Protein chains: 2
Amino acid sequence: MADRVQQITAAARELLETEGPDALSMRRIAERVGIRAPSLYKHFPDKGAVEAALQAQGMAQLAQELEAIEAEIGVEPPMPALARAYRQHALANPHLYRITHTRPLARTALPEGLEDRAGMPLVRAAHGDIDIARSLWAFAHGMVVLELDGRFPPGADLDAAWRVGCEAFAHAIHAKSQGDTA
Amino acid sequence: MADRVQQITAAARELLETEGPDALSMRRIAERVGIRAPSLYKHFPDKGAVEAALQAQGMAQLAQELEAIEAEIGVEPPMPALARAYRQHALANPHLYRITHTRPLARTALPEGLEDRAGMPLVRAAHGDIDIARSLWAFAHGMVVLELDGRFPPGADLDAAWRVGCEAFAHAIHAKSQGDTA
DNA sequence: ACTTGACGGCTAACACCGTTAGCCGTATGG
DNA sequence: CCATACGGCTAACGGTGTTAGCCGTCAAGT
């Protein structure tokens, strides 16, 4: 009889990961918890609220994994490692990634500061340049969603695309730092 | 009594653009055409097929707009103008862009060569380097979907993010060309 | 100790969704 | 003249999110 809210989000997450987003229905979630669908509304106002809870989970997990990579590498240039971790997170949790990052973010339901925390590794990689950080984020997100949606041609060399993108941004960061100190 | 298929796709497109993706139901489409929902299945095998027709429309329109920009600019560096056109297309047709580019592409329902045609402007901007073209595409797509989903912070300077991204890729293209001739 | 009220289940139901089965009028071609 | 294909239709199925309303249990207050 642990916290029902937690039980429900756990059931939702398992359902999402094992059977995909179409299986994420209120009735299926309730079934997994052992209650009926209308009872879910005693704990969540609507389906969007349980999806928001999943977004919070996805965001927290991404933040944690990126921070782990930052800690692992030393003074190495962080970009290729960060990019690899970002892509790996998305490929390992495709449905969670999509529900977390490919729809409006339920910011009010998010733990304070979590969104910023998830973004900081990229900001640090960009030496604090917020514009570069945002375009770098867009690049990584774009690569990931295009891959998840099967949008690249079948034989496309995505490692190469990631590499040239990372190099382009690494150069931009380097040039910006030079310009700053000059 | 013009081609019912065309009538249906036109109704679907109007519905999508004016009321958003939730309004794109078989019953609503049929209502707009003046028939009942089951009759749609005399012309399309399922809802996915009419969505595929919309994807074809979205892809063709994007290709045409990018080609128009290419023709308009002369030997100027094409990237900022292409990026502007790409973004403008997405912002002007947000629902069409999403249905066209943020799900698996129904390639079999697409006119022959259209997908390649839509990608060629970016390939040409990348001087034929397919890896740069793909990462550039990911950058543009990422910027666009993050903006459409309201993922950037409220006051974010997206023009600046687009600019630094374009500059980074422009430099990569330039460097690659130098390296090729060297 | 009795009552009250909140909590968290439940069933029934509504309005919608995509889709199928099966019927029927029309219009065309052999 | 007949047959067949075309393109409408109604009825229905199983699914969706969600609401209304009922009821048992359990804790707190008087």
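Each chain gets a letter, A, B and so on, in the order the sequences are listed, and its residues count up from 1. Bear in mind the structure is a predicted one, so any value in this text is a computation, not a measurement.
Residue contacts for Ser39(B): at a heavy-atom cut-off of 4.0 Å it reaches a base atom on one of the strands shown. Among the atoms of the strands shown, none is found under 4.0 Å from any heavy atom of Ile29(A).
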Exercise for review: Please assess Gln57(A) against Gln61(A) for the test side-chain hydrogen bond (donor to acceptor under 3.5 Å, both in side chains), listing each intermediate value before the final yes or no.
Suggested key: CA-CA 6 Å; Gln57(A) 274 195 239; Gln61(A) 186 174 335; 5.7 Å; no
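Remark: Arg36(A) is in phosphate contact with dT11(C), judged by side-chain N or O atoms under 4.0 Å from OP1 or OP2. Side-chain N/O atoms of Arg28(B) include none lying less than 4.0 angstrom from OP1 or OP2 on dC17(C). OP1 and OP2 of dC6(D) both lie 4.0 Å or more from every side-chain N or O belonging to His43(B). Between Arg4(A) and dG8(C), a side-chain N or O to OP1/OP2 separation shorter than 4.0 Å is absent.
dG9(C) atom P lies 16 Å from atom CD of Glu31(A), rounded to whole Å. The nearest whole Å value for the distance from the CG atom in Leu40(A) to the P atom in dC10(C) is 9 Å. Rounded to an integer number of Å, the gap from CG of Asp22(B) to C1' of dT16(D) is 13 Å.
Cluster membership check: Met120(B) does not share its hydrophobic cluster with Ile69(B), using side-chain heavy-atom separations under 4.5 Å among Ile, Leu, Val, Met, Phe, Trp and Tyr.
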Exercise for review: Would you give a per-nucleotide map of nucleotides 18-28 of chain D, 5' to 3', where B means the base has a protein non-hydrogen atom under 4.0 Å away, S means only the sugar-phosphate does, and - means neither?
Suggested key: BB---------
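The side chain to side chain contact (heavy atoms under 4.5 Å, CB included) check on Ser25(B) picks up Arg27(B), Arg28(B), with sequence neighbours excluded.
For the pairing with Arg117(B), the salt bridge (charged side-chain N to carboxylate O under 4.0 Å, His left out) check across Glu112(B), Glu67(B), Glu70(B) returns one residue only, Glu67(B). For the side chain to side chain contact (heavy atoms under 4.5 Å, CB included) criterion with Val50(A), the lone passing option out of Leu40(A), Ile29(A), Thr9(A) is Ile29(A).
With ring centers used as reference points, Trp162(B) lies 6.0 Å or more from Tyr86(B).
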